[in-house]
Structures are given as C-alpha cells and as structure tokens.
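Here the structure is laid out as structure tokens; the discussion comes afterwards.
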2 protein chains.
Amino acid sequence: MNLVGKHTVAIVDDHSLFARSLEKLINSFSHFRVLFHAKNGVELQERINEEKILPDIVLLDINMPVMNGFETAEWIMGNHPKIKILALSMEDDEQTILRMLRKGAKGYLLKDIHPEILNTALKELMEKGYYHSDKVSETLLHSISPDEEGRVMDFKENELIFIQLACSEMTYKEIAHVMDLSPKTIDGYRQDLFKRLKIKNRVGLVIFALKKNLIKL
Amino acid sequence: MNLVGKHTVAIVDDHSLFARSLEKLINSFSHFRVLFHAKNGVELQERINEEKILPDIVLLDINMPVMNGFETAEWIMGNHPKIKILALSMEDDEQTILRMLRKGAKGYLLKDIHPEILNTALKELMEKGYYHSDKVSETLLHSISPDEEGRVMDFKENELIFIQLACSEMTYKEIAHVMDLSPKTIDGYRQDLFKRLKIKNRVGLVIFALKKNLIKL
DNA sequence: CAAATAAACAGGGAAAATCCCTTTTAAAAA
DNA sequence: TTTTTAAAAGGGATTTTCCCTGTTTATTTG
C-alpha cells in the first residue's frame, strides 16, 4: 500500500520489453502500482535492500539467466515472507508449476492470459492471499495422486544424467563409457525408464525430456 | 497518421496480456498510438475491413494458432502493401527471420529487447522505411552464403513430412506405411538427410528439427 | 547376523536402425 | 528422341537398439 492508496507490485523479468509494457498495464489498474522492476533475482535483492518500502506483490518470471524464479522465490520466502509471490511464466508443465508453488508462490499465471485475469489475480491475491486459475487448480488436483506423476517423475541422479546424454547423438555404449558404467547397466536404466514413462524408443525419451524441461536445446 | 498527429500501430499477437501491455507502452511513446489489436491474421483482416483508416505499422507476432505471421504478412503485402510490417517474435533462428523478411517484413525485433529499442525501431520504420537491429543485420549477412544454410535447409515436401514423423515414436517401417512409400525410400530420405545435416542418428535429427522450428512439441 | 532391497551387470536374441551400393522408374533437359 | 537427372526401391551386411530373464554386489533393514 503506497502513498496513493494502491498496492505495490515489483516485476522480476529479464524481458524488459514485456516488463516495461506490463508496468504500464498494471499502473492502469485502479488498485495497483508498480514500484520497480528487476531483471533477475540478484537485482531484486539489491532493489529491496535499497528501497525502504517493500512491494506487496512480486510478479516473478521463472526463466532468468542469473538467478531464476525458483531461487528468487526461495530468497523472498526466507527474507521477506510477507511479500506475496505471483509466478508469471510461459512454462505450463506440471512439474514447473508445482515446484514454484512449493517454493512459496501464492499463485501461478501463464503469460498468455487475458489482461483482466491479471487484475483479478492481483486483487484476489491481496484479499484472499492466493490466486489459482482453473488450469492451475486442475493441475494441483491432478497431482495429488503421486502414483502417476510422482513416482514416475522422481529421477535419480544417474537417471537424469543418462536422459541428458540420451538426448544427444551418442550411442548407449558411448554413454556407458562417459558415465563409467557397464553398457548393461545403461541398458537397465533405459529399460526401466521406457517402462515407467510408457515410451517405445529413444525418440520418445527425447520428446519427454523436452516437454518436462529436463534438457535445454 | 491519425487525428492527434501520431503514427498508428496495429498489434497482432495472440498473447493478449502482452498485447494489451504493449499497447500501453506504445501509447506512451510521443509519436505513436495503437489503433487496435488482433489475436491473429483473420482478426486483423476483419478489423482492417471494418476500419476506414489503415494503420501505418503492423506489429506482427509469428506464432499464432489460426493464421500465423507468415500468412498474415503475405496477405498484408498482397492487399495493403503500404502498411509497414514489423515482426516481433521470440524466434531467433535464421530461417524464421529470413522467411519473415522475404514475406515483406520491414524489420524484425526479438521480444526480449529494451523498450527504447522498440521506440527507435518504430521511428526509423516511419523515417527510413525499414529497421534492422545489429543481430538481424548480422544474420542477413551471414545468410548471403547459401552454401551452408541454404542448400542444406531447403527441404522438399516429403522430407519435411518424414522429419516430422521421425520426431515421433514411429518406426521407419510405420513411417513408410503412412507415407505410402517403400521402407527403402524412407531409408533413402534418412541417409540423405543424415549426410546433409551432418548428423549421426535419429536423435540428431530430432534435435535439429527442434532447433530449426521444423516441429512443435 | 540374516533377510530384504536396490543397483550394477550379464547372456542371448529379435527388431530396428544404419550404411553402402545397385537398379528401376519417371521426369526433365538436350 | 536420346541423354541426363532425380526420385523410388531393392539387396545385403553391420551396428545399435530394444527386450526378457537372471546373477552378483552393495546397502539397508529386521
């Protein structure tokens, strides 16, 4: 709540065109005003340490080069838990959404929503303390059953490394060599993953890894 | 140029949050004003047919569900060639940029630019008739040599279909069946592509297709 | 300590992918 | 019409992938 009786918002997003534009939009809402924006978590820390007044809400992007949304959310919750985090991202996969909510985000918005939804979300966030769109709520319910998506998605360290290497042009033999394991062990990883993820071949694994953000292009 | 002596801009982007925000930003520029925005090419056609006055500039996104940026640019150039198209997209790969410029775009901006760049781009667009950022100019120069990226990237229709199907869990035999070709012909496509793209196996092809936006997840 | 559990590893075989080289067929050019 | 060129298809061999079953080894647990 600032001088003119509006709730304050900080934007954390490395896409400055989007951030600046969003600032204009939010400032056009009756009850909200943008306090500042930061290109990443580190810049947010600096700004918060400088400013005397904390924002009521932080609009937080996830994909940022220096200090990403997860890390930033963690820091905010640890140092300024009164700030309400509203995640705002392109990522629409369950894992990312859940991870962000576990880090303390009070809401999760996709970037391709209607502007009025943002206004609603901000208002509900201040009134109820949280906001969850239908899509996100659905995701939450769907994820209560950890049978399907929980056990399946809980990868061991070696499995993750294998998946990443399998998303390259290496043969399994080569993968076994760089991981310093027997080709038969690698074959075991492969077979186990194929069964758990219900995929038929290596291409399926690559597609899966991409969809779940396990690898970057 | 509208009533208040400002150049008019139309925004074509299916991300309404971004579009609305961008509208506010552009309206804050001294020499520009947003006339309207459309969620896709079809909506743009409708709006242009309704309105008596044409926008000076169309800010055009590429990834849209109904009628994408390429198709839209084509229509604009065919029906209202006086409108200056400024492509505004996340895609930063050469092929996309070049294709857009070939369709008649007078400039190409990445969505993660600084807001002031947009202002500069709009102004230059009206003054000089075009705007090319350093990155895009570089891409243009680099692409003058069609040896590497030109001959390699010029896929035939069947090759494109094969690539897309190869990015699934189908076997080559299955691909041959749905394409109504002999497995040996498919093997010929595969071998030719592997050589041209300098890749070792099918995973390499999937990665390539993803990087070049030949397929969507 | 014994039993249970999970990770690493193996044998063996069928299917698929990869590679090289040749032939037929169809279309385009000389 | 002959020649050339490109697409489609085939033969055949090797490597890799994929799948099932089982054993050893290490770690955890009763």
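Below, read A as the first sequence line, B as the second, and so on, with proteins coming before strands; counting in each chain starts at 1.
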Whole Å only: how far is the [atom1] atom of [X] from the [atom2] atom of [N]?
| X | N | atom1 | atom2 | result |
| --- | --- | --- | --- | --- |
| L193(A) | dT17(D) | CG | C1' | 15 Å |
| I199(B) | dC19(C) | CD1 | C1' | 14 Å |
| Q191(B) | dT22(C) | CD | P | 13 Å |
| I186(A) | dA8(C) | CD1 | C1' | 10 Å |
| R190(B) | dT18(C) | CZ | C1' | 5 Å |
| D180(A) | dA7(C) | CG | C1' | 15 Å |
| L197(B) | dT18(C) | CG | P | 13 Å |
| N201(B) | dT18(C) | CG | P | 6 Å |

Decide if atom [atom1] of [X] counts as having more than 12 heavy atoms of other residues, nucleotides or ligands within a radius under 6.0 Å.
| X | atom1 | answer |
| --- | --- | --- |
| K39(A) | NZ | no |
| K103(A) | NZ | yes |
| H80(A) | NE2 | yes |
| E50(A) | CD | yes |
| D180(B) | CG | no |
| H114(A) | NE2 | yes |

Both P183(B) and V203(A) contact DNA chain D. Taking the nearest nucleotide for each, which residue is further toward the 5' end? P183(B)
Check every atom of dT18(C), dA8(D), dA7(C) against the side chain of T185(B) and return the nucleotide holding the closest atom.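 Of all the options, the side chain of T185(B) is nearest to dA8(D).
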Geometric cation-pi criterion, R202(A) with Y172(A): 6.0 Å, 45°: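 Judged by the rule (NZ or CZ under 6.0 Å from the ring centre, within 45° of its axis), R202(A) counts as positioned above Y172(A).
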OP1 or OP2 of [N] less than 4.0 angstrom from a side-chain nitrogen or oxygen of [X], does that happen here?
| X | N | answer |
| --- | --- | --- |
| Y189(B) | dA8(D) | yes |
| K156(B) | dA7(D) | yes |
| S182(B) | dA8(D) | no |

Could you go through D13(B) and K111(B), starting from their C-alpha distance and side-chain angles, then the distance that decides it, and tell me whether this counts as salt bridge (Lys or Arg N to Asp or Glu O under 4.0 Å)? CA-CA 12 Å; D13(B) 196 318; K111(B) 276 191 177 174; 2.9 Å; yes
If we check side chain to side chain donor-acceptor pair (under 3.5 Å) with E159(B), which of these qualifies: Q164(B), R190(B), R196(B)? R196(B)
So which of residues 162-179 of chain B are in contact with DNA chain C, with a heavy-atom cut-off of under 4.0 Å? T171(B), Y172(B), K173(B)
Identify the pairs formed between an N or O of the protein and an N or O of nucleotides 11-14 of chain D at a distance under 3.5 Å, and give each distance.
unit_1  : atom_1 : unit_2  : atom_2 : d
dG11(D) : N7     : K184(B) : NZ     : 3.1
dG11(D) : O6     : K184(B) : NZ     : 2.9
dG12(D) : O6     : K184(B) : NZ     : 2.5

